[in-house]
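Heads up: the structure comes next, in structure tokens.
Since the structure is predicted, the reported quantities are computational estimates derived from the model, not experimental observations. Side chains are part of it too, since the values below use all heavy atoms of this structure and drop only hydrogens, waters and symmetry mates. Numbers here are sequence positions counted from 1.
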Amino acid sequence: MFQHGGNVFFQNTCIDFSANINFLGIPDLVMQAARSGLVAAAQHPQEQSGTLEEHIAQWEGVNPEHVFCCNGASEIVKSLTQVLKPKKALFPAPGFEEYVRPLTMAQCEIAYYYTKEEEGFRISLDEFLQQITSETDLVFCCNPNNPTTVLYDRSFFDQVLKRCEQTDTLLILDECCLDYVKDAETITMHAKDADKKLFIVKDFTKMFAMPGIRLGYGLCTDTELIEKLRGTLQPWSVSAVAKKAGIACTKEYAFIQKTVQETGKEREWLLCRLDEIGIKYYTPEANYIFIRSEYDLYEELKKRGILIRDCSNYDGLDKGYYRFAVKKREENLRLAEELRRICLR
């Protein structure tokens, strides 16, 4: 069974590297805004997200009518399957399998495109385009990919989107971790604001370290689809706390810049340690590192009070692949020391 990160509630003495959450924590102003949302908790929140959509639209540089807010990125895919009732979806593997669950529940056939380790787990564009046919209702991609960290430039998805337009297929592109990438504005596809066959999925979970405040959003120029998606939501799907926090997030430009800088510095420090130890890794672009090891690092590290992500339950991967987040130096040092003890004993 696919599990989403480490079970920290039953391992509360562990340092959790399994979830790729911003180690800088929730920004102070976002936390203050979330607390202010509690003042309105005695009342039902507005059924429509209202100003939250407007703030996200201004932040992303799109029309407010093209923004769909809900209580997490996974709910976006669930709503899409309810509205579109897809018969067949194309899914690169290994990939973020949280999206497979709503497709399976909707009895949608999933065609996997398996990337190869010897090719760095990168999608071969020509092969991938050939698998998108008129029978393909949905295509799922993550950029950067989770867990393999592979990053694609805009020209890659320009070609995928062009093919989707030819086959009347919706491209669902998860950019939840793209904010960690340097010069992300040159890579994101939200600049393709005129393409109705593109649906971008984003959330506030990872960058703003608030997975417990459920808030995700989608961007699409198909206003008819957006309205139908809103009709699938239960009343008050987005809480007052989430709305307040989300609006505050859209003002945190400096925080994002600091995060990219600090994450990059710590990521490079960790990669140097992996080189010293001799652990194979795949060039990372976001705030997590994907590795392969002959040692059972999940179990060995858990004994030492550290949780990482065992990726063996991703379709297309077997035992020996792991993912861990980039955290602050003190925690990264602890991880590096334990990896050294395990692999160089």
- [ ] Please lay out, stage by stage, how Thr205 and Ile21 fare under the test side chain to side chain contact (heavy atoms under 4.5 Å, CB included).
- [x] CA-CA 7 Å; Thr205 295; Ile21 304 299; 3.9 Å; yes
Are the side chain of [X] and the backbone N or O of [Y] linked by a donor-acceptor pair below 3.5 Å?
X: Arg267; Y: Ala286; answer: yes
X: Thr149; Y: Thr283; answer: yes
X: Thr188; Y: Glu185; answer: no
X: Asp153; Y: Phe156; answer: yes
X: Glu175; Y: Ile200; answer: no
X: Ser134; Y: Thr167; answer: no
X: Arg292; Y: Tyr281; answer: no
X: Asp222; Y: Lys196; answer: no
X: Thr232; Y: Ser79; answer: no
X: Lys228; Y: Leu84; answer: no

Output yes when [X] and [Y] qualify as a salt bridge under the 4.0 Å nitrogen-oxygen rule, no when they do not.
X: Arg334; Y: Glu338; result: yes
X: Glu227; Y: Arg230; result: yes
X: Glu300; Y: Arg341; result: no
X: Lys319; Y: Asp296; result: yes
X: Glu75; Y: Lys78; result: no

Please round to the nearest 0.5 Å and tell me the distance separating atom [atom1] of [X] and atom [atom2] of [Y].
X: Leu339; Y: Ile291; atom1: CG; atom2: CD1; value: 6.5 Å
X: Met207; Y: Asn20; atom1: CE; atom2: CG; value: 11.0 Å
X: Leu138; Y: Cys108; atom1: CG; atom2: SG; value: 6.0 Å
X: Ser239; Y: Asn71; atom1: OG; atom2: CG; value: 8.5 Å
X: Leu198; Y: Cys220; atom1: CG; atom2: SG; value: 7.0 Å
X: Thr263; Y: Ile256; atom1: OG1; atom2: CD1; value: 11.5 Å

Count the heavy atoms belonging to other residues, nucleotides or ligands that lie under 6.0 Å from [atom1] of [X], then report whether that count exceeds 12.
X: Gln58; atom1: CD; result: no
X: Lys202; atom1: NZ; result: yes
X: Glu135; atom1: CD; result: no
X: Glu65; atom1: CD; result: no
X: Glu119; atom1: CD; result: yes
X: Glu299; atom1: CD; result: yes

Task: Arg122 to Tyr152 six-membered ring, cation-pi geometry met (6.0 Å, 45°) - done: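 Yes, Arg122 lies over the aromatic ring of Tyr152.
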- [ ] Look at the rings of Phe208 and Phe204 and say which category their plane angle falls in: under 30° parallel, 30 to 60° tilted, over 60° perpendicular.
- [x]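 Ring orientation of Phe208 relative to Phe204: tilted.
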TODO: Would you please classify the geometry between the Phe140 ring and the Phe91 ring as parallel, tilted or perpendicular, with 30° and 60° separating the classes?
DONE: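 Judged by the thresholds at 30° and 60°, the geometry between Phe91 and Phe140 is tilted.
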Open item on the list: Whether the Glu117 and Tyr282 side chains hold a donor-acceptor pair (N or O, under 3.5 Å, no angle test) is what I'd like checked.
Closed with: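 There is such a pair (donor and acceptor under 3.5 Å, judged by atom type) between the side chains of Glu117 and Tyr282.
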Task: Asn145 and Thr148 side chains, donor-acceptor separation under 3.5 Å - done: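 The criterion, which ignores hydrogens and geometry beyond distance, is satisfied for Asn145 and Thr148.
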Task: Cluster link Val238 to Val30, ILVMFWY, side chain under 4.5 Å - done: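 Yes; Val30 is reachable from Val238 via cluster members.
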Task: Cluster check Met189, Tyr217: I/L/V/M/F/W/Y, side chain < 4.5 angstrom - done: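 Linked, Met189 and Tyr217 end up in one cluster.
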Mind listing the closest non-hydrogen atom pair of [X] and [Y] along with its distance?
X: Ile306; Y: Cys14; answer: N-SG, 4.1 Å
X: Val181; Y: Glu285; answer: CG2-O, 3.7 Å
X: Cys343; Y: Tyr295; answer: O-OH, 3.4 Å
X: Gly37; Y: Val241; answer: C-CG2, 4.0 Å
X: Phe23; Y: Glu266; answer: CZ-CG, 4.0 Å
X: Val150; Y: Asn143; answer: O-OD1, 4.1 Å

Task: Phe121-Phe290 aromatic ring centre distance below 6.0 Å - done: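 Between Phe290 and Phe121, which both carry aromatic rings, the centre distance is below 6.0 Å.
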Compare all side-chain heavy atoms of [X] with those of [Y] and state whether any distance is below 4.5 angstrom.
X: Leu335; Y: Ile15; answer: no
X: Val160; Y: Ile123; answer: no
X: Thr115; Y: Pro94; answer: yes
X: Val201; Y: Tyr99; answer: yes
X: His66; Y: Ile226; answer: no
X: Tyr112; Y: Val100; answer: yes
X: Phe255; Y: Cys249; answer: no
X: Ile289; Y: Val326; answer: yes

TODO: Start with the C-alpha gap between Phe96 and Cys176, add the side-chain angles, then the distance that decides, and say whether side chain to side chain contact (heavy atoms under 4.5 Å, CB included) holds.
DONE: CA-CA 11 Å; Phe96 186 55; Cys176 289; over 6 Å; no
TODO: Test Glu337 against Arg340 for salt bridge (Lys or Arg N to Asp or Glu O under 4.0 Å), laying out the working first.
DONE: CA-CA 5 Å; Glu337 289 174 344; Arg340 187 182 302 274; over 6 Å; no
Open item on the list: One pair to check against side chain to side chain contact (heavy atoms under 4.5 Å, CB included): Thr133 and Leu90. What are the steps and the verdict?
Closed with: CA-CA 10 Å; Thr133 70; Leu90 178 60; over 6 Å; no
Open item on the list: As a quick check of understanding, evaluate side chain to side chain contact (heavy atoms under 4.5 Å, CB included) for Phe128 and Val139, giving each step before the final call.
Closed with: CA-CA 10 Å; Phe128 192 62; Val139 172; 3.7 Å; yes
